[in-house]
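Structure first, commentary second.
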Amino acid sequence: MRTASITRNTLETQITVAVNLDGTGKARLETGVPFLDHMLDQVARHGMVDLEVAARGDLHIDAHHTVEDIGITLGQAVAKAVGDRKGVRRFGHAYVPLDEALSRVVFDFSGRPGLEFHVDFARAMIGEFDVDLVHEFFQGFVNHALVTLHVDNLRGANAHHQAETVFKAFGRALRMAVEPDPRASGAVPSTKGTL
């Protein structure tokens with residue numbers, strides 16, 4: 001089993017993330033941000049990863065630090081769990097619809113952080129959740145997982161649907177990228193010999 005647990009403590013947040021890349025999609029989520037719990041549940045279920053997140057943050061200010069730091073900690077946990085990246089497919093992609101919304105996420109376990117994020121949300125808030133924080137989550141993730149990630153919402157008129165398709169596609173693309181490649185014979189999927 002490819003597992004990892006990371007704890008991050010700052011003056012703004014205290015976060016523990018545990019991940020099992022070879023899980024069954026179980027999630028135990030206590031972020032203090034209900035909409036983020038809902039989105040992370042999509043990642044676990046559609047990515048077939050077991051995910052535990054326990055977070056306490058300065059929510060009396062807003063959710064920014066908590067959401068960003070969960071992205072950072074999840075990125076660190078995924079990087080640790082995937083290890084030296086030998087024998088994985090490396091690349092993953094997914095298109096996910098939800099009613100009128102359609103999103104595409106493409107993953108590369110490149111060893112280099114890069115985010116292309118193109119989501120024009122239909123509104124600024126989903127309940128009490130600021131949609132700007134979706135970008136902050138993924139920026140934190142890519143910076144610490146050392147992956148290249150392209151996130152595109154291709155269409156959508158409902159912000160909740162747009163966000164949900166993004167997180168579901170992220171989970172499915174992650175699942176594909178970290179899947180063991182039976183033809184790779186444990187090699188690093190790069191002509192450089194390292195990622």
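No experiment lies behind these values; they were computed from the predicted model shown. Along the sequence shown, the residues carry numbers beginning at 1.
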Check residues 141-149 and write down every donor-acceptor pair under 3.5 Å in which the side-chain atom is one partner and the other belongs to a residue at least two apart or another chain.
from	atom 1	to	atom 2	distance (Å)
N143	OD1	Q139	NE2	3.1
N143	ND2	Q139	O	3.3
T148	OG1	S110	OG	2.9
T148	OG1	R112	O	3.3

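- The salt bridge (Lys or Arg N to Asp or Glu O under 4.0 Å) search around E164 returns K168, not counting sequence neighbours.
- At a cut-off of 3.5 Å, with distance as the only test, no side-chain donor of H118 or D152 sits close to an acceptor on the other residue.
- A159 meets the side-chain contact (heavy atoms from CB on, under 4.5 Å) test with F121, R123, I126, Q162; sequence neighbours excluded.
- For F117, the ring pair (Phe, Tyr, Trp, His ring centres under 6.0 Å) partners are H135, not counting sequence neighbours.
- Take E52 and apply the side-chain hydrogen bond (donor to acceptor under 3.5 Å, both in side chains) test, not counting sequence neighbours, and it matches R28.
- Residues satisfying the side-chain contact (heavy atoms from CB on, under 4.5 Å) test with D132, not counting sequence neighbours, are D130.
- Residues satisfying the ring pair (Phe, Tyr, Trp, His ring centres under 6.0 Å) criterion with H38, sequence neighbours excluded, are H160.
- Every residue meeting the side-chain contact (heavy atoms from CB on, under 4.5 Å) condition with T10, not counting sequence neighbours, appears here in chain and number order: R8, E12, T13, D69.
- R155 is linked by a side-chain contact (heavy atoms from CB on, under 4.5 Å) to L102, counting only residues two or more places apart in sequence or in another chain.
- At a cut-off of 3.5 Å, with distance as the only test, no side-chain donor of T3 or N20 sits close to an acceptor on the other residue.
- Residues forming a ring pair (Phe, Tyr, Trp, His ring centres under 6.0 Å) with F137 (at least two apart in sequence, or on another chain): F167.
- Applying the side-chain hydrogen bond (donor to acceptor under 3.5 Å, both in side chains) test to H93 and every residue at least two apart in sequence or in another chain returns nothing.
- Through ILVMFWY side-chain contacts below 4.5 Å, I6 is grouped with nothing and stands alone.
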